[in-house]
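This report concerns only the one structure given below.
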Amino acid sequence: MFEKHNIIKSEKNSVGKSTLLRVMFFALGYQVPGTVKFPFTKIKTYIKITLKNGDTLTIFRPSKNMAIIENNSGDQTPYSLPMQENELLSNIWETDSTFLLQNILGAVYLDQDKGWTLLNRGTVIGNIHFNIDELILGLTNDSSKQSQQYENVLSTIRQSKLISEEIKKLKVIRNITELGEENSQQTQGESSSKIVLKEHSNILFQISMKKQEINDIKKIQREQANFKRFVGKMKLRIQDPYNEKKSIPVSMDNIKYFAENYDYIRARIAFLDTELKKLQFKKDALERQLYAEDETKLFESNKFNLIDSLKSAHVEEIDQQVLDENIKSLQKENNKLNKVVNTFINTTQVATNLEQKILLFADELDVLDSIEKKRNNYLFTSNLKSLGGTVLHNIVFSFKMAYVSQIDNILNDHIPIVLDSPHGREVEERNVEKTANILKKHFSENQTFVATIYDFDMDNVNTIFINNNIMENATAITTNEPNLLHFEY
């Protein structure tokens, strides 16, 4: 059982401390990756959380693609992940702000790999990202959200994202064009058999990608079938919106669009199978052509080179200069849009509050001078090259605690703080003591989790000691699911 202040400790590394923290977030519904030794695709999780009003929620995650919330009354609501991740998280964090929901993890979780260098933009863990602009917009009070200026900023952000996607596409085309030009220079004077061989290699690549796409969709089809069996087994019921005393059983018949989605997936698989057969027919034709030209038979192995396949792909003649000019023009337009967003964000009270809190914590960590030198718009800085290990470590912690403080204020709650390996590289013990002092002084009401091999000074702490592996402290529990072994901490 986790308590208010928790230390996950061991005498050596690589025993599962970080994994236990990741499992906790996975159980909450996040798309957190597992590890080689402990893949999350093979686990089912239960976690119980207490909301600020004292009610509890139990979250059952039977697979990577599904989670079910059960409230105090026993009512259960299923969620398909990651499509309904925000709806699930809104119950946990008690907010419907999409920007806030998508960035809370980056504020509260300092992962040992990237968390202590992630200042205001970047990857939190896996494919989960953090963006300070979105966080501030998510924290902006309700009255500002109703303003026309706020709506204009949201529209600007959407436009910027579309332009960013277009830039990515153009860069891919540019790279392929460069490969095509290189291939054109290399293939002058080549024999017809070599040209056909490259075409064959390209077809093999397309077949491989098509098979992968079919396998991915079939996996979704299997998940749907599992979900169908699960719904029948759990006997879920939902509240009748028109009658408080009546509940409605959940079945495939009243889950909206389930049958249509299932039929679409079947039709998509059939279409891809047809496309695959066409590619295989082309492959066979090329092989017959090459066999006719070379009786030594070149196809004893189906291995192919991905780079050669891309180089041999047909690319239309594209003016490289025009392509570069289009990318540059779009980047210029995107910079203008970002300035509009930044101008609005800089004028919000949230940005002002964050800056004040950052300066407060930076002062207590003795890194205020490093911030004061670049005070103008330091909240949005991306220049971290000049910062040393300990200084960067402390500045990042100042930023993260400022985020937590502001989120607490907006949600009128005390959200958890999770620190993985706060000692880090080049960090002296006295700096870690200052980190602990900030938690004790400013965040005593927040639930905290610290994974470390060293001592970490906290009051009334619950220590979970791991000797060799994550499961050694787990206790077997009885559930209503046979043939499964369950554990709890």
Is there a donor-acceptor contact under 3.5 Å linking the side chains of [X] and [Y]?
X      : Y      : result
Asn431 : Asn394 : yes
Lys12  : Asn468 : yes
Tyr403 : Asn103 : no
Lys114 : Thr123 : no

Working to the nearest 0.5 angstrom, can you tell me the gap between [X] [atom1] and [Y] [atom2]?
X      : Y      : atom1 : atom2 : result
Ile104 : Leu139 : CD1   : CG    : 8.0 Å
Leu439 : Phe456 : CG    : CZ    : 5.0 Å
Leu365 : Leu360 : CG    : CG    : 9.5 Å
Glu87  : Thr98  : CD    : OG1   : 8.5 Å

For residues [X] and [Y], report the shortest heavy-atom separation together with the two atoms involved.
X      : Y      : value
Leu57  : Asn91  : CD1-O, 3.6 Å
Val450 : Pro422 : CG1-CG, 3.8 Å
Leu118 : Val396 : O-CG1, 3.5 Å
Ser370 : Val391 : OG-CG1, 3.6 Å
Val23  : Thr45  : CG1-CG2, 4.3 Å

Original post:
Can a salt bridge be assigned to the pair Lys168 and Glu165 using a cut-off of 4.0 Å between side-chain N and carboxylate O?
Top reply: yes
**OP:** Quick one: which residue pairs count as a side chain to side chain donor-acceptor pair (under 3.5 Å) with a foot in residues 343-352, not counting sequence neighbours?
**Re:**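 Applying side chain to side chain donor-acceptor pair (under 3.5 Å) to every pair that reaches into residues 343-352, excluding sequence neighbours, yields Gln349-Asn353.
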**OP:** Using a cut-off of 6.0 Å, state whether more than 12 heavy atoms not belonging to Lys211 lie near its atom NZ.
**Re:** no
**OP:** Check the surroundings of atom NZ in Lys328: do more than 12 heavy atoms from other residues, nucleotides or ligands lie under 6.0 Å from it?
**Re:**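 Result for NZ/Lys328: open.
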**OP:** Hey, could you give me each pair passing salt bridge (Lys or Arg N to Asp or Glu O under 4.0 Å) that has a residue in residues 123-136? Not counting sequence neighbours.
**Re:** Arg121-Asp133, Glu134-Lys161
Original post:
Does the Ser160 side chain pair with the main chain of Thr156, one donor and one acceptor, at a distance under 3.5 Å?
Top reply: no
